Amino acid sequence: MRYDVVVVGGGHAGAEAAWAAARLGMATALVTMRLDAIGCMSCNPAIGGLGKGHMVREIDALGGMMALASDRGGIQFRMLNRSKGPAVWAPRAQADRVLYTEAVLDLLRSVDGLDLVEGTVERVLAEPVVVGETVPGGPSLAVRGVVLQGGMELPCAVAVLTTGTFLRGLLHCGPQQTPGGRVGEAAAIGLSEYLERLGLVLGRLKTGTPPRLDRETIDYQQLVAQPGDDPPVPFSFLTRSLSQPQVHCWITHTSERTHEIIRANIDRAPMYSGQIRSRGPRYCPSIEDKVMRFADKSSHQLFLEPEGYDSPLIYANGIPTSLPPDVQDAMVHSIAGLERARIVQHGYAVEYDWVPTDQIAPTLETKRVRGLFLAGQINGTSGYEEAAGQGLLAGINAVARVRESEPLVLGRDEAYLGVMVDDLVTRPPDEPYRMFTSRAEYRLHLRCDNADARLTPVGRRIGLVDDDRWQRLTAKRTAIEALEAELSARRHQGRSLAEWLRRPEARIQDLRTLDPALDVAAIPPEVIEAVEIRMKYAGYLEREQRLIDRHRQVESRAIPEAFDYQGLRELRCEAREKFARFRPRNLGQAARISGISPADIATLAVYLARPLP
Ligand SMILES: Cc1cc2nc3c(=O)[nH]c(=O)nc-3n(C[C@H](O)[C@H](O)[C@H](O)COP(=O)(O)OP(=O)(O)OC[C@H]3O[C@@H](n4cnc5c(N)ncnc54)[C@H](O)[C@@H]3O)c2cc1C
């Protein structure tokens, strides 16, 4: 059978890519090394958080699946940063690993036209692009299929690689090194070499995970309980309410003794002994890194997170480590509440191959091989949400490639997903990339609560948003407009209720004391929240909108795909080389490439303004 789309990898990126491609009507295969590990969370049992929660809502708004799976698999829901401005509110859920993976599998199985195949892809088959179809700087090869270990060939028009931490994966725990993609799972060895043969350049990155503890061996009396929100707020715009019971997480801290143990054994840490050379995430450092880099701090916080309702495991969030097991044991026993804790699975680090992202276009298609898309950790990101977001976009654009229709490239002013992809293609990360709210320039517009207003129309245009989701958005819009009109029309002491609402401490519910005829009891909380934000922050939103309009002027200065930079002698050599390598799509993107100066942009702008020969 010849597929339209073959997705390689059943992690968060792969699941989302396959979901999108199949739901858009493509004959799709998802090939993964273990079917029982589809949707598996390699590291922490949690979805969302700052920046990441924003992306989960955006994935949902476009018609993706991560939010739906999170609502089914979640066991503790919290809206982070409620005490701060709405731009940085972010949903987060602790997940039951088993329920979450079951939800992912269930959702995938509900889609027609999607085959789930167990196997390891060893080769991507590509053939030269037909002469006459080539453009300068464009692909010289085109995908025609993939080959699995054992020789089975799956012919396809487009392939999406989402290989996560598996490509030549190497696990480190103290001096012990074991090939593997994550604990208990084999590495994917053959594919890297074939990607290199296709002309892709690979790099190496690393990430780490903490020990898992036996939950019966923890002294909870010494810990601070952290409950979920009541009522819990769902991720998906489709979920009306959450009825599952919520569990507690627990907080404790490392001690001076913990830090002494680490310092005394630092020469046995693979990061310090020279055993690991590749870069790990600075924002998510190992505990040995934290202790050595922040020597003045006498303690670090730990969240103890249950891995599920029935799981015997507690995830020790805050102490990722690759120190040898005996050091991990001593270190854990020096932490309050964990004196007698048993480590069921020791922490470890993993090194893996990735593809530096100057080799992909903003559609996530490789520049060298037409029809070959990359998404997730293979693009140097870290995190389930980053992976899922790219997976969804790669799936959508894989379909656009098959149909030769307009691809989807989201702007920095439209979505965190747009910010992430733009960051990747203009400044390839030198450490695993994760999303932060601070990466976005237009945070007040890119909020969690309005992801549906921003992106559901886009998902509808593409064909991923069904009638139910569309009707919910239109009903919400209508309700928002009606409430805004009512607040503007009703008056108290000569001022409209809308004006009263702009006072910092005012809430819509309180306005009833000013005008008892205002009936908000039947209005959904998300509508009230949206109206409060829109009215209270109207001035800031307008100011940001002016910046967005200015930004759009620059972004709208498109650069032809085949633009010949070599002929642009007025440009500095470095700028010529960078533009030719990154092939920016517009002037804004060109300006964000590292090492490009305003003078380079001015020169390029002059050329773009000239009439084409
Ligand atoms: C030890 C460890 C620590 C981590 N720490 C953190 C952290 O602290 N914070 C954080 O945000 N994220 C962390 N992560 C990263 C997080 O797990 C990943 O970012 C996320 O899972 C990436 O999703 P993905 O879909 O790209 O790949 P993965 O979830 O890794 O999935 C890859 C999939 O591809 C399949 N596959 C690979 N090669 C082939 C092949 N050749 N043929 C067929 N199938 C193939 C695998 O079977 C797997 O299903 C960690 C991961 C690991 C392993």
Side-chain angles (χ1 to χ4, degrees), residues 6-18 29-49 51-52 55 66 101 104 116-124 146-149 154 159-173 180-195 205-212 280-281 283-286 315 317-322 345-354 374-392 394 432-435:
V6 168
V7 176
V8 180
H12 307 273
E16 209 73 57
L30 188 159
V31 189
T32 192
M33 291 165 73
R34 274 176 48 177
L35 287 182
D36 63 356
I38 283 183
C40 169
M41 298 174 152
S42 316
C43 191
N44 55 331
I47 299 286
K52 291 166 172 270
M55 290 197 293
M66 181 170 243
T101 48
V104 171
L116 303 180
V117 181
E118 191 164 84
T120 302
V121 169
E122 288 205 321
R123 269 192 284 162
V124 172
V146 301
V147 180
L148 276 57
Q149 204 174 50
L154 298 181
V160 184
L161 300 187
T162 67
T163 50
T165 52
F166 285 71
L167 287 186
R168 288 196 283 229
L170 185 63
L171 312 183
H172 298 259
C173 185
R182 61 188 162 218
V183 71
E185 290 184 52
I189 300 298
L191 187 54
S192 292
E193 197 191 313
Y194 264 91
L195 295 180
L205 287 172
K206 82 114 203 170
T207 185
T209 196
R212 273 63 158 181
Y283 49 79
C284 184
S286 60
Y315 176 90
N317 191 348
I319 52 167
T321 181
S322 53
Q345 185 204 299
H346 286 93
Y348 64 95
V350 57
E351 277 186 293
Y352 52 92
D353 290 344
W354 73 295
L374 308 179
Q377 197 107 1
I378 190 171
N379 283 339
T381 59
S382 168
Y384 312 134
E385 305 79 359
E386 288 82 351
Q390 290 169 64
L392 180 64
Y433 174 103
R434 71 155 283 190
M435 185 47 77

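Indexing begins at 1, ligand by ligand and atom by atom, following the structure's order. We count residues from 1, following the sequence as given. Note that the structure is predicted; figures quoted are calculated from it, not measured. Side chains included, hydrogens not; waters and symmetry mates left out as well; all remaining heavy atoms used.
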For this session: Flag Y384 as yes when one of its N or O atoms lies below 3.5 Å from any N or O atom of ligand 1, and as no otherwise.
Result: no
Problem set entry | P320 touching ligand 1 at heavy-atom level, < 4.0 angstrom | no
Problem set entry | Backbone N/O of A46 and side chain of Y384: donor-acceptor pair under 3.5 Å | no
For this session: Pick one of side chain, backbone, both or neither for how A188 approaches ligand 1, counting any non-hydrogen atom pair under 4.0 Å.
Result: side chain
For this session: Output the list of atoms in ligand 1 that are nearer than 4.0 Å to some heavy atom of Y348, sorted by atom number.
Result: 1 (C)
Problem set entry | Identity and separation of the nearest protein heavy atom to atom 26 (O) of ligand 1 | Q377 N, 2.9 Å
For this session: Answer whether the closest heavy-atom distance between the side chains of I38 and L30 falls below 4.5 Å.
Result: yes
For this session: State the atoms of ligand 1, each with its element, that fall below the 4.0 Å cut-off from a heavy-atom position in T165.
Result: 30 (O), 53 (C)
Problem set entry | Backbone of L35 reached by a side-chain donor or acceptor of E118 within 3.5 Å | yes
Seminar exercise, completed: Closest to atom 10 (C) of ligand 1 among protein heavy atoms sits S382 OG, 3.4 Å
For this session: Distance to 0.1 Å, residue and atom name: give those for the protein heavy atom nearest to atom 35 (C) of ligand 1.
Result: G9 CA, 3.5 Å
Seminar exercise, completed: for atom 8 (O) of ligand 1, nearest protein heavy atom and its distance come out as C284 SG, 3.4 Å
Exercise. Judged by non-hydrogen atoms, does Q390 sit under 4.0 Å from ligand 1?
Worked result: no
Problem set entry | Inter-residue atom distance L205.CG - L167.CG, 0.5 Å rounding | 11.5 Å
Problem set entry | Flag, side chain of E386 to backbone of M435, donor-acceptor distance under 3.5 Å | yes
For this session: Assess whether side chain to side chain contact (heavy atoms under 4.5 Å, CB included) is satisfied between V117 and L148, documenting all intermediate values.
Result: CA-CA 10 Å; V117 181; L148 276 57; 4.2 Å; yes
For this session: Using a 4.0 Å heavy-atom threshold (strictly under), name the region of L167 that reaches ligand 1: side chain, backbone, both or neither.
Result: neither
Exercise. Judged by non-hydrogen atoms, does G208 sit under 4.0 Å from ligand 1?
Worked result: yes
Seminar exercise, completed: To atom 53 (C) of ligand 1, the nearest of G49, S42, P432, G39 on a heavy-atom basis is S42
For this session: State, with a plain yes or no, whether a side-chain heavy atom of E351 is found less than 4.5 Å away from one of L170.
Result: yes
Exercise. Do the side chain of Y315 and the main chain of P45 share a donor and acceptor less than 3.5 angstrom apart?
Worked result: no
For this session: Starting from atom 23 (O) of ligand 1, locate the nearest protein heavy atom and write down its residue, its atom name and how far away it is, to 0.1 Å.
Result: A387 CB, 3.3 Å
For this session: Note the single closest protein heavy atom to atom 5 (N) of ligand 1, along with its residue, its atom name and the distance in Å.
Result: C43 SG, 3.0 Å
Problem set entry | A13 versus A375, closest heavy-atom pair with distance | CB-O, 3.8 Å
Exercise. So, is T381 polar-close to ligand 1, with some N/O to N/O distance under 3.5 Å?
Worked result: no
Exercise. For atom 39 (C) of ligand 1, what is the nearest protein heavy atom, given as residue, atom name and distance?
Worked result: M33 SD, 3.7 Å
For this session: Between K52 and ligand 1, find which residue part has any heavy-atom pair under 4.0 Å and reply side chain, backbone, both or neither.
Result: side chain
Exercise. For ligand 1, is G391 a contact, meaning one of its heavy atoms is under 4.0 Å away?
Worked result: no
Problem set entry | Option nearest atom 29 (O) of ligand 1 (shortest heavy-atom distance, choices A187, G11, G10, G119) | G11
Exercise. Taking the side chain as C-beta and beyond, is there a heavy-atom pair between Q390 and T162 under 4.5 Å?
Worked result: no
Problem set entry | Any N or O of T162 closer than 3.5 Å to N or O of ligand 1 | yes
Seminar exercise, completed: Numbered in order shown, the ligand 1 atoms found under 4.0 Å of a heavy atom of G376 are 26 (O)
For this session: Would you check, one step at a time, whether the test side chain to side chain contact (heavy atoms under 4.5 Å, CB included) holds for M55 with M66?
Result: CA-CA 10 Å; M55 290 197 293; M66 181 170 243; over 6 Å; no
Exercise. Which ligand 1 atoms, with their elements, are less than 4.0 angstrom from a heavy-atom of V31?
Worked result: 43 (C), 44 (N)
Exercise. Looking only at atom types and distance, does a side-chain atom of N379 sit under 3.5 Å from a main-chain N or O of L374, one as donor and one as acceptor?
Worked result: yes
Exercise. Are any of the heavy atoms in H12 under 4.0 Å away from ligand 1?
Worked result: yes
Exercise. Based purely on interatomic distance, does A375 place a nitrogen or oxygen under 3.5 Å from a nitrogen or oxygen of ligand 1?
Worked result: no
For this session: Could you tell me whether some N/O pair between A13 and ligand 1 is separated by less than 3.5 angstrom?
Result: yes
Exercise. Between T32 and G10, is there a donor-acceptor pair closer than 3.5 Å when you use the side chain of the first and the backbone of the second?
Worked result: yes
Exercise. Identify the closest protein heavy atom to atom 28 (P) of ligand 1: which residue and atom is it, and at what distance?
Worked result: G164 CA, 3.8 Å
For this session: Classify the contact between V121 and ligand 1 as side chain, backbone, both or neither, using a heavy-atom distance cut-off of under 4.0 Å.
Result: both
Exercise. N/O of T120 under 3.5 Å from N/O of ligand 1, yes or no?
Worked result: no
For this session: For the pair T381 (side chain) and G376 (backbone), establish whether a donor and an acceptor sit closer than 3.5 Å, ignoring hydrogens and angles.
Result: yes
For this session: Keeping the roles fixed (side chain from T120, backbone from M33), state whether a donor-acceptor pair exists under 3.5 Å.
Result: no
Exercise. Counting N and O atoms only, with roles assigned by atom type, does the side chain of H346 sit under 3.5 Å from a partner on the main chain of P210, one being a donor and the other an acceptor?
Worked result: no
Exercise. Would you say the side-chain atoms of E385 pair up with the backbone N or O of G48, donor to acceptor, closer than 3.5 Å?
Worked result: yes
